[in-house]
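Notes follow once the structure below has been shown.
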Amino acid sequence: MPVPPADFRSDTVTKPTPEMREAMARAEVGDDVLGEDPTVKRLEETAAALLGKEAGLFVPSGTMANQIGVKAFTQPGDEIIAEEQSHVLTFEAGAIGLISGVQCRPVKGRQGIMDAAEVEEKIREHDIHAPRTALICVENTHNLAGGAVVPLAALDALRAVAERHGIPLFMDGARLLNAAVAEGAPARAFAARADLAWFALSKGLSAPVGSVLCGGRALIERCRRIRKQLGGGMRQAGIIAAAGLVALETGIERLAEDHARAARLARALDALPGVSVDLAATRTNIVMVSFAEPRAAETARRLAERGVLAIALAPRRLRFVTHREVGDADVERAIAAAQAVLARAGS
Ligand SMILES: *Cc1c(COP(=O)(O)O)cnc(C)c1O
């Protein structure tokens with residue numbers, strides 16, 4: 001029997017656990033568009049409590065969570081501020097322009113963190129020539145910055161700017177629970193700095209589908225309407241929400257194991273020739289390897305031949321993500337494969 005590959009492409013590859021499948025089979029369901037699915041309601045309440053918000057909204061994907069968030073706070077012709085390499089700008093197929101009719105004023109972050117003074121400079125003056133700055137978006141953890149945490153102090157500084165100008169703050173917290181576990185701080189402490197925040201159930205938490213947006217009650221009702229407009233109203237969604245509830249009960253503390261494995265992998269890869277890893281930014285489950293030469297795609301191919309899967313996100317960038325389905329042996333296998341491949345490339 002061939003050994004299955006060690007799959008470090010993303011934490012989204014995680015399959016539902018046996019306990020999730022049990023819960024899905026037994027889930028009590030109803031028509032959630034009519035507000036009658038008790039399991040979805042329980043998930044939304046549980047998620048809202050976790051983030052310290054009044055209400056939650058179960059959505060099919062993180063991309064939809066971001067798009068609903070942007071639309072909820074903007075009018076066509078407005079401008080949003082977001083980190084230059086954030087998911088909402090780089091991985092959502094231009095949807096903010098399509099769905100909300102807004103443009104973006106990007107800010108270059110350091111280790112995923114936007115400097116508050118720089119954000120403040122990018123806020124537009126009231127002027128008939130200028131777009132209106134309607135929203136500040138923060139990504140936590142920051143995916144392309146290597147799963148970097150935006151710590152509470154940085155969020156406080158951004159929050160102060162947002163309040164000074166009366167602009168809402170939105171948090172793409174796809175991996176917010178990773179940030180909370182890494183910082184040893186409750187998720188609600190991070191969410192408290194944002195008007196609206198969400199996290200994914202389908203990444204490190206291993207549920208098959210879904211994310212939950214959390215915010216004030218009136219705001220979430222507004223989001224619910226936008227979800228309907230985007231075709232994201234789901235009927236007996238309790239089937240998948242049930243897995244999300246198991247994810248919240250069983251998956252959060254476990255994220256620390258993923259972080260420890262990522263740290264081990266990051267240190268070993270950083271020691272190899274021709275590549276580097278920002279070890280200070282590597283606090284969670286993402287290891288972003290930077291190449292001196294544009295060899296990421298070729299390296300990914302060579303690693304795959306050795307049964308180790310990672311994603312070349314740019315010519316000089318290769319991403320590894322640790323998750324529930326990669327163990328210590330897989331990490332050692334990835335290190336050995338990378339040593340073989342990169343030693344050869346460097347010679
Ligand atoms: C994965 C991700 C998303 C999108 O989530 P999907 O469920 O894949 O649509 C948004 N933001 C960040 C930071 C992500 O990592």
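Computed from a prediction, not measured in an experiment: that's the story for all the values here.
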Legend entry - Candidate list Asn285, Asn178, Thr322, test side-chain hydrogen bond (donor to acceptor under 3.5 Å, both in side chains), partner Asp11, passing option: Asn285

Is it true that the side chains of [X] and [Y] contain a donor and an acceptor less than 3.5 Å apart?
X      : Y      : value
Arg324 : Thr14  : no
His165 : Glu120 : yes
Asn143 : Arg319 : yes

Inset, instruction - Answer yes or no: are there more than 12 heavy-atom neighbours, outside Arg225 itself, under 6.0 Å from its atom CZ? - result: no

Legend entry - Whether over 12 other heavy atoms sit under 6.0 Å from Glu84 CD: yes

I need the minimum non-hydrogen distance between [X] and [Y], along with the two atoms involved.
X      : Y      : result
Arg333 : Gly307 : NH2-O, 3.3 Å
Ala207 : Ala247 : CB-CB, 4.1 Å
Ala27  : Ala242 : CB-CB, 3.7 Å
Cys223 : Ile68  : CB-CG2, 3.5 Å
Arg132 : Thr74  : NH2-CA, 4.5 Å

Inset, instruction - Kindly determine whether Arg124 and Glu79 satisfy salt bridge (charged side-chain N to carboxylate O under 4.0 Å, His left out), including the steps that lead there. - result: CA-CA 9 Å; Arg124 304 279 188 178; Glu79 188 167 75; 2.6 Å; yes

Legend entry - Val287, Asp330, Val331 screened by side-chain contact (heavy atoms from CB on, under 4.5 Å) with Arg261, the one that passes: Val331

Legend entry - Residues forming a side chain to side chain contact (heavy atoms under 4.5 Å, CB included) with Asp156, sequence neighbours excluded: Arg193

So how far is it from [X] [atom1] to [Y] [atom2], rounded to the nearest 0.5 Å?
X      : Y      : atom1 : atom2 : value
Phe8   : Glu325 : CZ    : CD    : 12.0 Å
Met20  : Leu205 : CE    : CG    : 7.5 Å
Thr141 : Phe190 : OG1   : CZ    : 10.5 Å
Phe73  : Ser100 : CZ    : OG    : 11.5 Å
Leu248 : Thr46  : CG    : OG1   : 6.5 Å
Gln339 : Ile335 : CD    : CD1   : 7.0 Å

Inset, instruction - Carefully, step by step, assess Glu305 and Arg301 under the rule salt bridge (charged side-chain N to carboxylate O under 4.0 Å, His left out). - result: CA-CA 6 Å; Glu305 286 165 12; Arg301 234 176 1 256; 6.0 Å; no

Inset, instruction - Please test Lys108 against Glu118 for salt bridge (charged side-chain N to carboxylate O under 4.0 Å, His left out), starting from the C-alpha separation and ending with a verdict. - result: CA-CA 9 Å; Lys108 191 174 172 59; Glu118 213 174 311; over 6 Å; no

Pairs flagged by ring pair (Phe, Tyr, Trp, His ring centres under 6.0 Å) wherever [range] is involved - sequence neighbours left out:
range            : result
residues 74-133  : His87-Phe91
residues 213-238 : none
residues 211-252 : none

Inset, instruction - Please name all residues satisfying side-chain hydrogen bond (donor to acceptor under 3.5 Å, both in side chains) with Asn66, sequence neighbours left out, ordered by chain then number. - result: Glu92, Asp172, Trp198

Inset, instruction - Would you list the pairs meeting salt bridge (Lys or Arg N to Asp or Glu O under 4.0 Å) in which at least one residue belongs to residues 264-278, sequence neighbours left out? - result: Arg264-Glu332

Inset, instruction - Assess whether salt bridge (charged side-chain N to carboxylate O under 4.0 Å, His left out) is satisfied between Asp258 and Lys203, documenting all intermediate values. - result: CA-CA 12 Å; Asp258 298 343; Lys203 292 189 167 170; over 6 Å; no

Inset, instruction - Please assess Ile252 against Leu50 for the test side-chain contact (heavy atoms from CB on, under 4.5 Å), listing each intermediate value before the final yes or no. - result: CA-CA 11 Å; Ile252 299 177; Leu50 184 66; 4.1 Å; yes

Inset, instruction - Using salt bridge (charged side-chain N to carboxylate O under 4.0 Å, His left out) as the criterion, point out the one residue from Arg235, Arg227, Lys228 that pairs with Asp32. - result: Arg227

Legend entry - Carboxylate-amine/guanidinium proximity below 4.0 Å for Glu45 and Lys53: no

